[in-house]
Colleague: 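Structure provided below as structure tokens; questions to follow.
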Amino acid sequence: MTGRSVAPTNDAHCHFFSSGFFRTLGKKLPDVKGDAADDLPARLGWTAPGSDTSLADAWNTELGKHHVNRSVLIASVSNDESAVAAAVAKYPKRFVGGFMFNPAEPDTDTRIEHAFANPHLRMACLFPAMHGVSLDDPSTDTVFAAAQQHARAVFVHCGLLSIGVRKKLGLPSPFDLRLGDPLAVAAMAAHYPEVPVVIPHFGAGLFREALMAASAAPNIVLDTSSSNGWIKMHANLSLKDVFARALDVVGPGRLLFGTDSSFFPRGWQKGIFTDQQQALDDLGVGDEDQAKIFGGNFDNIFKS
Ligand SMILES: [Zn+2]
């Protein structure tokens, strides 16, 4: 740790676990007592989110405490975008709205149009492995076409998909990991070159493919978020090695810092930030390049 801080820091990957999020998960559990928005957080030892604006207050205070300037907040079940839109409406300088979107549900075109028409919703988050929707499916194309038309971004989760909250609650997760393929993202990104396309967690285990995808499509950026537990699937790979490869292939202009922070009382995951800053310091990455990774690239994609 150098103790030096790179300002401003923006976090491209935080989850907004709203009351609506817990109520949606609660519908899949047989034994919810009362309101799932209270019962499920209690089971997990987490703080109940309360109203969308009070959860926005909590995130605003938390990020301010850690000197995080702006962050993406992701509505983390489909059809919960109004929760995140309310948070962004209250703190438009602090938050950028992202939302999980399931292209397999009916009326893809009207739903995505409605979401992107809201200035507070700037990134659709696709989880092909969870929703069982191929990136080649016309419904995915509809999302990208709408993003291009409205100048929005698309996030596509690839690789390993393990969702802690689902596991802890005992929810089944019958995901088809074959559908989260960075090379399929590259094919789509090439058709929509103006759409910023975010592949989180360096491809979450499909690191080489994520680098190939980013090489093929200049509008692909890699987010650095989470503890990057996928690294253990590779022999002798460290976070420092991951940054070295990524910097070599895509450069500092296409890496987007994120933590994958999600619930209270844990709050913002400062340890992720310090680990990543340490890895970059160890590589001798200078302040200017670190400033891009930790903040500048975010501001370029999500202009305030
Ligand atoms: Zn996440």
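Everything numeric here is computed off the predicted structure, so don't read it as measured data. First listed ligand is number 1; within each ligand, the first listed atom is number 1.
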Colleague: With a cut-off of 2.8 Å, which protein N/O/S atoms are close to the Zn ion (ligand 1), if we only count those under it?
Modeller: His13 NE2, His15 NE2, Asp260 OD1

Colleague: Once you measure the plane-to-plane angle for Trp46 and Phe263, does it fall in the parallel (<30°), tilted (30-60°) or perpendicular (>60°) bin?
Modeller: parallel

Colleague: Do any pairs count as a salt bridge (charged side-chain N to carboxylate O under 4.0 Å, His left out) and have a residue in residues 8-32, sequence neighbours left out, and if so which ones?
Modeller: Arg23-Asp35, Asp31-Arg43

Colleague: Ignoring hydrogens and geometry beyond distance, is a side-chain donor-acceptor pair present between Asp80 and Thr24 at under 3.5 Å?
Modeller: no

Colleague: Counting N and O atoms only, with roles assigned by atom type, does the side chain of Asp39 sit under 3.5 Å from a partner on the main chain of Lys33, one being a donor and the other an acceptor?
Modeller: yes

Colleague: Kindly list each side-chain donor-acceptor pair under 3.5 angstrom involving residues 191-200, sequence neighbours excluded, with atom names and distances?
Modeller:
| residue | atom | partner | partner atom | Å |
| --- | --- | --- | --- | --- |
| Tyr192 | OH | Asp141 | OD1 | 3.2 |
| Tyr192 | OH | Asp141 | OD2 | 2.8 |

Colleague: Tabulate below the donor-acceptor pairs under 3.5 Å that side-chain atoms of residues 178-186 make, not counting sequence neighbours, or state none.
Modeller:
| residue | atom | partner | partner atom | Å |
| --- | --- | --- | --- | --- |
| Arg178 | NE | Asp176 | OD1 | 3.0 |
| Arg178 | NH2 | Asp176 | OD2 | 3.0 |
| Asp181 | OD1 | Leu183 | N | 2.9 |

